[in-house]
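Basis for what follows: all heavy atoms, side chains included, without hydrogens, waters or symmetry-related copies. The chains referred to below are lettered A, B, ... by the order of the sequence lines, with proteins before strands, and numbering in each begins at 1.
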2 protein chains.
Amino acid sequence: MPHTVSYKNYEHHTGTRAQAMAPSKETAQALARAETICRAHGVRLTTIRRTVLEALYSSQKPLGAYELADLLASNARRMAPITVYRALDFLIEQGLAHRLASRNAYISTLHDDGSQEATAYLICDGCGTVEPASSAAFAGALSDLLSRADFEPRAKVLEVAGHCSRCQGHGHGRH
Amino acid sequence: MPHTVSYKNYEHHTGTRAQAMAPSKETAQALARAETICRAHGVRLTTIRRTVLEALYSSQKPLGAYELADLLASNARRMAPITVYRALDFLIEQGLAHRLASRNAYISTLHDDGSQEATAYLICDGCGTVEPASSAAFAGALSDLLSRADFEPRAKVLEVAGHCSRCQGHGHGRH
DNA sequence: TATGAAAACGTAGTGATATAACCTATATAA
DNA sequence: TTATATAGGTTATATCACTACGTTTTCATA
C-alpha cells in the first residue's frame with residue numbers, strides 16, 4: 001500500500017499535527033472542563049474532537065467547517081470535511097460548541113454563562129467577534145412567548161448581527 | 001433558434017406558469033398589500049417576484065430556494081436558482097419575506113405583526129409550520145441586552161425549533 | 001416617439017456547505 | 001480473547017448560494 005497513510009495509531013498521528021503548539025493555560029483549563037463534562041456524560045473526548053474544540057476556543061472568530069479542516073491540516077493532508085462535521089456534531093451534542101446558523105460557522109461555548117436558559121450571540125460585522133449575551137429578563141420573556149404559544153422548544157437560534165462597541169462609527173463593516 | 005424559449009414578453013410568459021391558479025381572496029389581499037408597499041418604496045413587484053411571494057404566502061411550510069424553483073416551473077422548464085435567489089433577495093429587502101437561517105428556507109412575512117421590533121419564529125419539527133411570535137417584553141429584554149453590551153444591531157435571527165401545540169405528545173417529530 | 005441608462009432577467013458555470021454509503025480501526029466490557 | 005459499539009477513513013455526492021456576463025425590459029428624458 002504505497003500512498004496510504006499508516007492506518008494504525010491515528011490517535012498518536014493526529015496528535016502530531018501542525019496545531020500541536022502548547023495551549024495557553026486558560027485554554028488548558030477550558031479543555032480540562034470539557035474533559036470533565038464528557039466523562040460525566042459517559043462519552044469520549046477523542047483527539048480529533050479535542051483538537052477541533054481547542055481550535056474553536058482559541059479562535060477570536062467563528063470558524064467554518066472547511067476552515068477548521070484547513071487549520072487542522074498536517075503537511076499537505078487536510079482533514080476530510082465529514083471528519084470535521086462529525087467532531088462538530090459531537091461537540092454540539094455535548095453542549096461544548098454552537099453552530100451559528102446565520103453564518104454557517106461554529107464557536108466554542110466554553111466562554112458562555114451556563115446559568116442562563118437562553119443565550120443570544122452578538123456577531124460583529126466589523127471585527128467578526130462573537131459575544132454571548134444573556135439575562136434573566138430575556139430568558140423569561142422568551143419563555144413566556146413560548147408558553148403563550150403553547151410551543152415546546154427543542155433548540156434556540158438567537159443571533160444578532162451588527163457592530164460591537166469597538167467597531168461603531170469608524171467605517172468598519174461591510175455596508 | 002430551435003430550443004430556446006421565446007425571449008420577448010417573458011412577463012406574460014411567466015404569468016402562464018402552472019402556478020397560475022386563482023389565488024384565494026385572502027392571498028389576493030395580502031398580495032395587494034405587498035403591491036402597495038412596493039409602490040410606496042418606489043420599487044417594482046414584477047411577475048416573478050409576485051409569484052415567489054405568492055408561493056411563500058400560500059405554503060404552510062417554509063420553502064427552500066430550489067423547492068420554489070420546482071414549484072414555479074412550467075412544463076419541464078424550471079426556474080433557474082439564481083432567478084429565485086434574486087426574487088428572494090428583493091422580497092427580503094422590502095421586508096416581505098424572511099430567511100430562516102436554521103433551515104435554509106424562506107417564508108412570507110405578510111402574516112407577521114409588523115408593530116414589533118423583534119419577531120421570533122417558532123418552527124415545528126412535527127408539521128413544519130412556522131408561527132411568528134412577539135411581545136413588548138421580549139423586544140424590550142432583547143433591546144436591553146443589546147444596549148448593555150453596547151451593540152448596534154443590524155439583523156436579528158430569532159428562531160426556535162420544537163413542537164407546536166398540535167404536535168405535542170403523539171410521536172410527531174424526528175427525535 | 002426615439003433613445004440612453006438602469007433595472008430585471010436569462011444562461012452557464014462554479015463556489016461553499018453538508019451528508020451518504022461503506023469500510024477499517026479502536027475501545028470497552030463480557 | 002472476542003463480541004459489540006463507537007470512532008474515524010475514503011470516496012462520492014447532495015444541497016445551498018452566488019459570479020460573470022449577455023439580453024431584454026422599463027422608464028425618464030430628449
Side-chain angles (χ1 to χ4, degrees), chain A residues 1-15 17 38-39 41-53 62-70 72-74 77-94 99-106 174, chain B residues 1 3-15 17 38-39 41-53 62-70 72-74 77-94 97 99-106 174:
Chain A
M1 44 174 82
H3 270 190
T4 61
V5 170
S6 157
Y7 209 90
K8 60 180 60 166
N9 221 346
Y10 58 70
E11 285 284 325
H12 176 268
H13 173 70
T14 56
R17 288 171 188 277
C38 286
R39 233 189 303 268
H41 292 189
V43 296
R44 302 198 301 250
L45 188 61
T46 63
T47 301
I48 289 180
R49 292 164 175 178
R50 187 170 45 249
T51 308
V52 168
L53 180 57
L63 298 173
Y66 283 71
E67 239 173 319
L68 278 163
D70 287 337
L72 304 181
S74 68
R77 185 166 185 79
R78 83 168 197 175
M79 214 176 262
I82 185 71
T83 301
V84 178
Y85 280 109
R86 287 199 277 230
L88 287 170
D89 285 348
F90 171 86
L91 295 171
I92 290 167
E93 262 172 37
Q94 304 309 317
R99 176 184 146 88
L100 290 175
S102 63
R103 295 293 173 106
N104 296 324
Y106 303 83
R174 324 193 150 12
Chain B
M1 43 174 83
H3 269 191
T4 61
V5 170
S6 159
Y7 209 91
K8 57 181 60 168
N9 220 344
Y10 58 69
E11 286 283 323
H12 177 269
H13 173 69
T14 55
R17 286 171 189 279
C38 287
R39 233 189 303 265
H41 292 189
V43 296
R44 300 198 302 247
L45 187 61
T46 63
T47 302
I48 290 179
R49 292 163 175 177
R50 187 171 44 249
T51 308
V52 168
L53 180 58
L63 297 173
Y66 282 71
E67 239 173 319
L68 278 162
D70 288 337
L72 305 182
S74 68
R77 185 165 185 81
R78 82 168 200 174
M79 215 175 261
I82 187 66
T83 301
V84 178
Y85 280 111
R86 286 199 279 230
L88 288 169
D89 285 348
F90 170 87
L91 294 171
I92 290 167
E93 262 173 36
Q94 304 308 317
R99 176 184 145 90
L100 290 175
S102 63
R103 295 292 173 105
N104 297 324
Y106 304 83
R174 324 189 149 16

**Asked** Which part of the nucleic acid does A:R49 contact within heavy-atom distance under 4.0 Å: base, sugar-phosphate only, or nothing?
**Response** sugar-phosphate
In whole angstrom, what separates [X]'s [atom1] from [N]'s [atom2]?
{"X": "B:L45", "N": "C:dA8", "atom1": "CG", "atom2": "P", "value": "11 Å"}
{"X": "A:R78", "N": "D:dT10", "atom1": "CZ", "atom2": "P", "value": "14 Å"}
{"X": "B:M79", "N": "C:dA12", "atom1": "CE", "atom2": "C1'", "value": "18 Å"}
{"X": "B:E93", "N": "C:dA7", "atom1": "CD", "atom2": "P", "value": "12 Å"}
{"X": "A:L63", "N": "C:dA16", "atom1": "CG", "atom2": "C1'", "value": "16 Å"}
{"X": "A:I48", "N": "C:dT24", "atom1": "CD1", "atom2": "C1'", "value": "14 Å"}
{"X": "B:F90", "N": "C:dA7", "atom1": "CZ", "atom2": "C1'", "value": "11 Å"}
{"X": "B:L88", "N": "C:dA8", "atom1": "CG", "atom2": "P", "value": "15 Å"}

Is any side-chain heavy atom of [X] less than 4.5 Å from a side-chain heavy atom of [Y]?
{"X": "A:L45", "Y": "A:L91", "answer": "yes"}
{"X": "A:D70", "Y": "A:E67", "answer": "no"}
{"X": "A:V43", "Y": "A:Q94", "answer": "yes"}

**Prompt:** side-chain contact (heavy atoms from CB on, under 4.5 Å) between B:L88 and B:Y106: does it pass, once the steps are laid out?
**Reply:** CA-CA 8 Å; B:L88 288 169; B:Y106 304 83; 3.8 Å; yes
**Prompt:** Is there a donor and acceptor pair closer than 3.5 Å between the side chain of A:R86 and the base of D:dG9?
**Reply:** yes
**Item:** Spatial distance of atom OH (B:Y66) from atom CG (B:N104) [nearest 0.5 Å]
**Value:** 11.5 Å
**Message:** If you only use heavy atoms from C-beta on, which nucleotide in D:dT6, C:dT11, D:dG8 is closest to the side chain of B:A80?
**Reply:** C:dT11
**Message:** Pair B:V84, B:L72 - check side-chain contact (heavy atoms from CB on, under 4.5 Å), show working.
**Reply:** CA-CA 10 Å; B:V84 178; B:L72 305 182; 5.9 Å; no
**Message:** Please enumerate all residues that pass side-chain contact (heavy atoms from CB on, under 4.5 Å) together with B:E93, with sequence neighbours excluded.
**Reply:**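 Not a single residue meets the side-chain contact (heavy atoms from CB on, under 4.5 Å) criterion with B:E93.
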**Prompt:** Quick one: is A:T83 getting a side-chain N or O under 4.0 Å of the D:dG9 phosphate, OP1 or OP2?
**Reply:**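 Result: yes.
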List, with names and distances, any nitrogen or oxygen atoms from the protein found under 3.5 Å away from nitrogen or oxygen atoms belonging to nucleotides 14-18 of chain D.
| from | atom 1 | to | atom 2 | distance (Å) |
| --- | --- | --- | --- | --- |
| D:dA17 | OP1 | B:R99 | NH1 | 2.1 |
| D:dA17 | OP1 | B:R99 | NH2 | 3.4 |
| D:dA17 | OP2 | B:Y85 | OH | 2.8 |
| D:dA17 | OP2 | B:Y106 | OH | 3.2 |
| D:dA17 | O5' | B:Y85 | OH | 3.2 |
| D:dA17 | N7 | B:Y66 | OH | 2.9 |
| D:dA17 | N6 | B:Y66 | OH | 3.2 |

